[in-house]
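FYI, side chains are in, hydrogens and waters are out, and symmetry mates aren't considered; it's all heavy atoms of this structure. Each chain gets a letter, A, B and so on, in the order the sequences are listed, and its residues count up from 1. Everything numeric here is computed off the predicted structure, so don't read it as measured data.
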Number of protein chains: 2
Amino acid sequence: MKHIAESTVRRLSLYLRFLEELEGQGRETISSEVLADSGGTTSAQVRKDLSFFGSFGKRGLGYSVTALAKRLREILGLGQPWQVVIIGAGKIGAALAQYRGFRARGFHVVGIFDSDPAKVGRTLDGVTVSDLAQLERELKQLKPQIAVLTVPADVAQELVQRLTKAGVRGILNFAPATLHAPDGVTVRSVNMALELEILSYALAHER
Amino acid sequence: MKHIAESTVRRLSLYLRFLEELEGQGRETISSEVLADSGGTTSAQVRKDLSFFGSFGKRGLGYSVTALAKRLREILGLGQPWQVVIIGAGKIGAALAQYRGFRARGFHVVGIFDSDPAKVGRTLDGVTVSDLAQLERELKQLKPQIAVLTVPADVAQELVQRLTKAGVRGILNFAPATLHAPDGVTVRSVNMALELEILSYALAHER
DNA sequence: CTAACTTTGTGAAGAATTTCACAAGCCCCC
DNA sequence: GGGGGCTTGTGAAATTCTTCACAAAGTTAG
Ligand SMILES: NC(=O)c1ccc[n+]([C@@H]2O[C@H](COP(=O)([O-])OP(=O)(O)OC[C@H]3O[C@@H](n4cnc5c(N)ncnc54)[C@H](O)[C@@H]3O)[C@@H](O)[C@H]2O)c1
Ligand SMILES: NC(=O)c1ccc[n+]([C@@H]2O[C@H](COP(=O)([O-])OP(=O)(O)OC[C@H]3O[C@@H](n4cnc5c(N)ncnc54)[C@H](O)[C@@H]3O)[C@@H](O)[C@H]2O)c1
């Protein structure tokens with residue numbers, strides 16, 4: 001399959017969110033035009049995005065809401081549930097562990113780890129925090145595909161190593177650090193301070 | 001000034017973070033090559049990014065770490081402190097309110113608002129949570145340029161309206177909603193579920 | 001059944017971004 | 001003070017991404 005740009009995948013996720021809303025409302029079909037508005041883009045862009053994966057629409061009518069949503073879930077890999085572990089049960093890690101939006105999308109938090117004895121043993125939304133020392137041992141059982149890193153920046157890279165070795169294939173990092181992983185392991189970083197800085201740039205350069 | 005791509009601004013922020021690390025280590029100069037590695041890009045890209053704003057380097061030598069960091073802070077609008085309010089003192093709002101990384105970059109949380117009486121009156125990192133009903137009255141005093149939205153998705157848009165009317169010019173939104181704001185107001189969204197979905201896409205399509 | 005209308009799918013054009021590649025500038029050493 | 005060695009700054013080329021624009025296909029109404 002041809003390489004698909006991240007911007008395209010991002011838009012597909014937005015389309016899917018909107019389609020699921022429409023599904024709830026019992027709407028049956030939707031045009032690329034309306035779908036475009038929902039994601040802040042253009043109808044041509046929507047059609048082009050979808051065309052990478054096939055042709056799902058009916059000319060003169062639009063797309064079947066349920067069929068397109070189903071297809072997008074497959075494309076995005078959301079047909080199956082994913083097992084997720086969270087490393088770092090601090091403020092942001094705890095918030096994420098209790099966040100309903102993940103489970104709703106098929107991301108199941110199956111384990112939480114922390115190195116602080118004061119945090120170990122606590123339960124967050126039904127999952128007990130384990131000691132980081134048990135990481136490798138427990139991952140053998142849990143077999144998560146994805147890890148969320150919410151630890152201080154200076155230990156993030158070493159955890160990437162350990163997680164990778166234990167078979168984790170995707171990492172979502174919240175620490176402000178540039179991380180490196182071997183081929184076959186995908187690392188994405190969410191950097192909130194950086195988002196504020198982009199805002200700061202925009203405000204400072206207005207007009 | 002010519003329009004600068006968001007991807008460029010994003011990289012400038014990364015360069016700045018690395019430069020500040022180097023400043024701490026007392027390093028005096030740095031080449032585009034080394035700077036590139038830090039941000040996961042190429043030396044040509046670094047030089048091109050910087051060239052939009054002038055020429056700061058010395059051929060044969062590289063860039064002065066302190067001078068470039070200073071210049072980047074100016075470019076990014078970090079020369080001045082920004083006043084920030086957080087709307088929604090829930091799990092993620094509370095985590096952000098207590099996050100040290102924001103203050104370190106000159107983003108000062110000066111107010112927190114919530115509509116839940118149980119949350120009002122609590123203190124997070126020295127700032128007391130106010131009743132949302134007091135929003136307009138208190139914003140007149142606080143005059144924040146930036147608001148962080150950590151409320152449920154279905155009330156996010158109406159808060160954009162109120163904040164905009166009260167003079168806020170930049171909004172960082174964490175709710176999974178596509179928001180619209182008038183010209184002159186910048187809205188950025190951080191969508192964590194979407195980040196996981198992009199990861200999911202990558203894992204599902206590997207090789 | 002036909003005609004008017006709507007909307008898709010997609011090449012081709014256009015715009016934006018990244019990479020290439022190299023002349024020019026500066027440092028350092030002899 | 002000249003030469004060798006680095007590294008910048010930047011046009012030009014290459015690549016990637018978005019928009020345009022329209023034929024083809026389907027719908028709806030009469
Ligand atoms: N709080 C926020 O709003 C926020 C925002 C953006 C980024 N971040 C980043 O997220 C990370 C966590 O932030 P936080 O505010 O939750 O901090 P925190 O101090 O509340 O949490 C960090 C947790 O990691 C644990 N930890 C430390 N070393 C560990 C290790 N080697 N293995 C496992 N766990 C370990 C600590 O015990 C602690 O529980 C930091 O890198 C921070 O920069 C936080
Ligand atoms: N918790 C997470 O890890 C996480 C991750 C990604 C996105 N989000 C999003 O962030 C938002 C908040 O999530 P949360 O987990 O902190 O939820 P939460 O329920 O803990 O917090 C929401 C807070 O907003 C307050 N609130 C509700 N309506 C309000 C209004 N009109 N004005 C002011 N405050 C109001 C509530 O009282 C509550 O304190 C949601 O949109 C959620 O989807 C959360």
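- Between A/Q45 and D/dC17 there is no side-chain polar atom (N or O) within less than 4.0 angstrom of OP1 or OP2.
- Residue B/R59 places no side-chain atom within donor-acceptor reach of the base of D/dT7, judged by atom type and a 3.5 Å distance cut-off alone.
- Backbone-only contact: A/S32 has heavy atoms under 4.0 Å from sugar-phosphate atoms and none from a base.
- Remark: B/Y63 is not in phosphate contact with D/dC6, judged by side-chain N or O atoms under 4.0 Å from OP1 or OP2.
- Taking both residues in full, the closest heavy atoms of B/I75 and A/H205 are given as O-NE2, 2.7 Å, listed atom of the first, atom of the second, then distance.
- Within 4.0 Å of B/T41, counting heavy atoms only, lies no atom of the nucleic acid at all.
- Contact of the B/R188 side chain with the B/E6 side chain is registered, since non-hydrogen atoms from C-beta on lie closer than 4.5 Å.
- Side-chain N/O atoms of B/D49 and B/Q45 include a donor and acceptor closer than 3.5 Å.
- Between A/V65 and A/L19, the closest heavy-atom pair is CG1-O, 3.6 Å.
- The distance from atom NZ of A/K48 to atom P of D/dT16 is 15 Å, rounded to the nearest whole Å.
- Protein chain A contacts DNA chain C from C/dT6 to C/dA12, reading 5' to 3' and using non-hydrogen atoms of the protein with a distance under 4.0 Å.
- Each of B/H3 and B/A44 was matched to the nucleotide of DNA chain C holding its nearest heavy atom; the match closer to the 5' end belongs to B/H3.
- Contact of the B/L72 side chain with the B/Y15 side chain is registered, since non-hydrogen atoms from C-beta on lie closer than 4.5 Å.
- At the heavy-atom level, B/F56 lies under 4.0 Å from the strands shown only through sugar-phosphate atoms.
- Counting non-hydrogen atoms under 4.0 angstrom, B/S7 reaches the backbone sugars and phosphates but no base.
- Along DNA chain D, the nucleotide nearest A/F52 and the nucleotide nearest A/L61 are compared for position; the residue whose nucleotide lies closer to the 5' end is A/F52.
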